Amino acid sequence: MLTSKFYEDVMHGADVEAATEFWRRNCSPTRPPPVHEAAGVTRPDETIRVPSGESCNDTSVGPSSYRPSVLASERVLLWTTPHGVTFQNQLEQLYPKSHIVKLFFVMAESLDEGTRNEYGAGLLRFIQFCDRLFIPEQDRMPASEVLLSIFIADAAGSISSSTADNWLAGLRFWHVINGAQWHGEHSECLRHVQRGLHHLAPPDLNPKQPSPITLESLIRLHQGLDYSNTFDTAVLAIACLIFWCSCRLEELVIPASDSPDMTKHVTRSVLPIVTQESNNVRRSIFHIPWTKNTGNNGADINVTSRDHFTCPHAALFRHLEANPNIPFHAPLFSFQTPTGAWTSMTEQWFLKRCDQIW
């Protein structure tokens, strides 16, 4: 199995020839045993019942040398098919293996860790679906528009439209990285299946997008928070930066306490944040390592004081002053607990606190 450290070594010009040999030994599948013929599917006479779907915790797949046991984030890179093997062999006839290895890794690095995980989850469901229907390996890539449509239709009633979109985006990337044609681009069949899936999804699977923070809602939040509480102080700072500085929540706060990604989320290593003042206007700048628009290039966040009690500059420094004893490696909006320890603010905690007031 390739590790994140191995990814970094390759990307930073480590022993690429050794990496190539590792790739050849561990990632080039041999010819698999013959597969079963695809199962025939007949239209039932009775009313079609929308299935409830299988447990999302089921990560088992049929044994195959095409699919080594790897992390979810590595599946789009390391799971392959007969078509993918042929494509790789063709590349090896034309280019040095070290360049081919770097090609694949650089393509994989176009996606952040979270996206690779989501794509890997969708690829797992596709492989499980194909295993259940005994779809031959050679028919799984390039996947026909009918196969893609049946795959998504099979999940109707158990997944949301956004989940289906993520699954298809992952399958498309998997095709691209394996040099396979993608038949889902202009498929009328697949387009109608996606529409139908949206209508069949239970309401809780297609939740409405949260409303953007408005000045009115920010004022209500300011009035409802307790500023003797370090958690609430962090909540206001985040909300003010989102509103006044046009930030996104996922750019400032980690998604969960067990999933910090310090290459993607800003930490307290940006401290101290310098303040400049001119004409009674205070201005500070700090850098965040990732944004939705710029990716890993990040962006500078310009925090300018406002003549308003929801001033983002005041809210940010109130948070920093209320939470002084937190290590530099911690996320920027970590907060101290009553016991003197610290913990990281998460998206879920932030949204839940806002919902309690709004």
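In this text the structure is predicted, and so the values were computed from the model without any measurement.
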Applying salt bridge (Lys or Arg N to Asp or Glu O under 4.0 Å), name anything that partners Glu118, two or more places apart in sequence or on another chain.
none
Using 30° and 60° as the class boundaries, would you call the ring planes of Phe173 and Tyr119 parallel, tilted or perpendicular?
tilted
Under the salt bridge (Lys or Arg N to Asp or Glu O under 4.0 Å) rule, what pairs show up with a residue in residues 215-231, not counting sequence neighbours?
Glu216-Arg220
Going by atom types alone, do Ser305 and His313 pair a side-chain donor with an acceptor below 3.5 Å?
no
Distance-only donor-acceptor check, side chains Arg353 and Gln356, under 3.5 Å:
yes
Thinking salt bridges, do Arg67 and Glu137 make one under a 4.0 Å N-O criterion?
yes
With a 4.0 Å cut-off, would you call Glu250 and Lys264 a salt bridge?
no
From CA spacing to verdict: side-chain contact (heavy atoms from CB on, under 4.5 Å), Ile238, Met345
CA-CA 10 Å; Ile238 295 165; Met345 177 66 70; 3.7 Å; yes
Joint cluster assignment, Val281 & Trp244, ILVMFWY side-chain distance < 4.5 Å
no
If you count the non-hydrogen atoms of other residues, nucleotides and ligands that lie under 6.0 Å from CD in Gln223, is the total more than 12?
yes
Using modelled atom types and a 3.5 Å cut-off, is there a donor and acceptor pairing between side-chain atoms of [X] and backbone atoms of [Y]?
{"X": "Thr230", "Y": "Gln336", "result": "yes"}
{"X": "Thr115", "Y": "Leu111", "result": "no"}
{"X": "Arg306", "Y": "Cys311", "result": "no"}
{"X": "Ser149", "Y": "Glu145", "result": "yes"}
{"X": "Ser217", "Y": "Ile213", "result": "no"}

Roughly how far apart are Leu332 CG and Leu316 CG, rounded to 0.5 Å?
6.5 Å
ring-ring contact (aromatic ring centres under 6.0 Å, His included): pairs with one or both residues in [range], sequence neighbours excluded:
{"range": "residues 70-96", "value": "none"}
{"range": "residues 224-243", "value": "His222-Tyr227, Phe231-Phe335"}
{"range": "residues 277-301", "value": "none"}

Here the side-chain hydrogen bond (donor to acceptor under 3.5 Å, both in side chains) pairs for residues 315-325, sequence neighbours left out, are His319-Asn323
